[in-house]
Amino acid sequence: MPELPEVETVRRGLAPALEGHTLSRVQMYRPNLRFPFPDGFGQRLTGKTVKSVERRAKFLLITLDDGTVLISHLGMSGSFRIYEADPPALDKHDHVVFQVSNGFEIRYNDPRRFGFMDLTTEAEMPDHPMLLKIGPEPVHPGLTGSELAERLKNKVAPIKAALLDQRVIAGIGNIYACEALFMAGISAKRKASTVQGGRADKLAAAIQEVLLKAIEAGGASLKDHRQTSGELGYFQHSFQVYGRAGEACSVCVPDVPISKMTQSGRSTFFCPRCQR
DNA sequence: CGGCAAACCTGCGAGC
DNA sequence: TGCTCGCAGGTTTGCC
């Protein structure tokens, strides 16, 4: 499911349901997701009170009152769902269930199990291998064009690949990389190091705009993403290029259809006329 | 270091 | 109806 806007949507759903409340029971229904659960996973969380629910890149960081931090990544198909009362029967992909002292039940569902959960501490969190090399957040605080240009200047890779590289900027995935490049009028194949000056300004602005609007829309629901309430996000209706191969470009309207190509194994959707 | 394919896993839609 | 194929929002690893 999730790129930055979808993970942020989940964070906003989880925070009020968890912060200030105690985890009264944590149940795993299998030994692993993408990786095995760490030793004592359930015990180390049970009885602890949640201090904060934060997001870094595509990671959720749930900090407990004893300094334990639960790191959760949703992979491609992970989702959290909050039941305030009367939870339905367990789905076959409900892998972790949290009972909260406010009476809520929070379930983590992940059909493909590319997601994972790990435990660390507040002190060690910055050095966690999954978080260590991650680049700056593109929104809050805003990414400037010069900062982006600086981070791209030595990259030989195509700009699309650079945007997907979490070490360059945090949280962008395949959909928002396509959308931001379209909005900025930049070809996905352009060498990253040549995105400088005005192009970098435009791209930085496009990244922020598309991510902020997607967050406002509750993320994009293709198949898996839902808000924690179960509601769908609706940003998928605002896609300009992603998933729209063959349709008319919304900018140069008449004759040029949106195209699709493969770059490093992932689909890139683009307008061959607007993007250079 | 760079870039690409494959790997992890399940589900779904398209095509036959 | 049912089977096979390709594809999917992510990330790591291993091989040129």
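Lettering follows sequence order; numbering is per chain, from 1. Quick caveat, the model's predicted, so the values are computed rather than measured.
The pair A/Lys58-A/Glu3 does not meet the salt-bridge criterion, since no charged nitrogen lies less than 4.0 angstrom from a carboxylate oxygen. Taking the charged nitrogens against the carboxylate oxygens, A/Lys153 and A/Glu150 do have a contact shorter than 4.0 Å, which makes a salt bridge.
Going from atom CD1 of A/Ile175 over to atom P of C/dC7 covers 17 Å, rounded to whole Å. For the pair A/His93 NE2 and B/dC8 C1', the interatomic distance rounds to 15 Å; values are reported in whole Å. Atom-to-atom, CZ of A/Arg167 to P of C/dT12 comes out at 9 Å; the value is rounded to the nearest Å. We find that OH of A/Tyr176 is positioned 9 Å from C1' of C/dG9, with the value rounded to whole Å. Rounded to whole Å, the distance from CZ on A/Arg112 to P on B/dC8 is 13 Å. Summarising the geometry, the separation between CG on A/Leu74 and C1' on B/dT10 is reported as 16 Å, rounded to the nearest angstrom. The interatomic distance linking A/Ile71 (CD1) with C/dT11 (P) rounds to 14 Å, in whole Å. Whole-Å rounding puts the A/Asp110 CG to C/dT11 C1' distance at 13 Å.
When distances run from any side-chain atom of A/Ser267 to the nucleotides C/dC7, B/dG3, B/dG11, the shortest one goes to C/dC7. The side chain of A/Arg113 lies closest to B/dC9, out of B/dC9, C/dG10, B/dG11. Comparing C/dC7, B/dG3, C/dG10 against the side chain of A/His73 picks out C/dG10 as the nearest.
Nucleotide C/dG10 is matched to B/dC8 when pairs are restricted to Watson-Crick or G-U wobble geometry with both distances under 3.5 angstrom.
Taking only side-chain nitrogens and oxygens, A/Arg266 never comes nearer than 4.0 Å to OP1 or OP2 of B/dA5. In this structure, A/Gln166 reaches the C/dT11 phosphate: one of its side-chain N or O atoms is under 4.0 Å from OP1 or OP2. For the pair A/Lys155 and B/dC1, the criterion of a side-chain N or O lying under 4.0 Å from OP1 or OP2 is not met. Between C/dT11 and A/Arg34, no contact under 4.0 Å exists linking OP1 or OP2 to a side-chain N or O.
Ring geometry, A/Phe98 versus A/Phe80: the interplanar angle falls from 30° to 60°, so the pair is classed tilted. The aromatic rings of A/His95 and A/Tyr108 sit tilted relative to each other, their planes meeting at an angle between 30° and 60°.
Each of A/Leu64, A/Asp66, A/Leu18, A/Thr63 was evaluated against A/Lys51; a single residue qualifies, A/Thr63, per the side chain to side chain contact (heavy atoms under 4.5 Å, CB included) test.
For A/Arg30, the CZ atom is densely surrounded, since the number of other residues' heavy atoms within 6.0 Å is greater than 12.
Within 4.0 Å of A/Lys92, counting heavy atoms only, lie sugar-phosphate atoms of the nucleic acid but no base atom. At the heavy-atom level, A/Tyr242 lies under 4.0 Å from the strands shown only through sugar-phosphate atoms.
Going from the P atom of B/dA7 to that of C/dC5 covers 16 Å, rounded to whole Å. Distance check on atom C1': C/dG6 versus B/dA6 gives 16 Å, rounded to whole Å.
The aromatic ring of A/Phe114 sits over the base of B/dC8, with ring centres less than 5.5 Å apart and planes inclined by under 30°.
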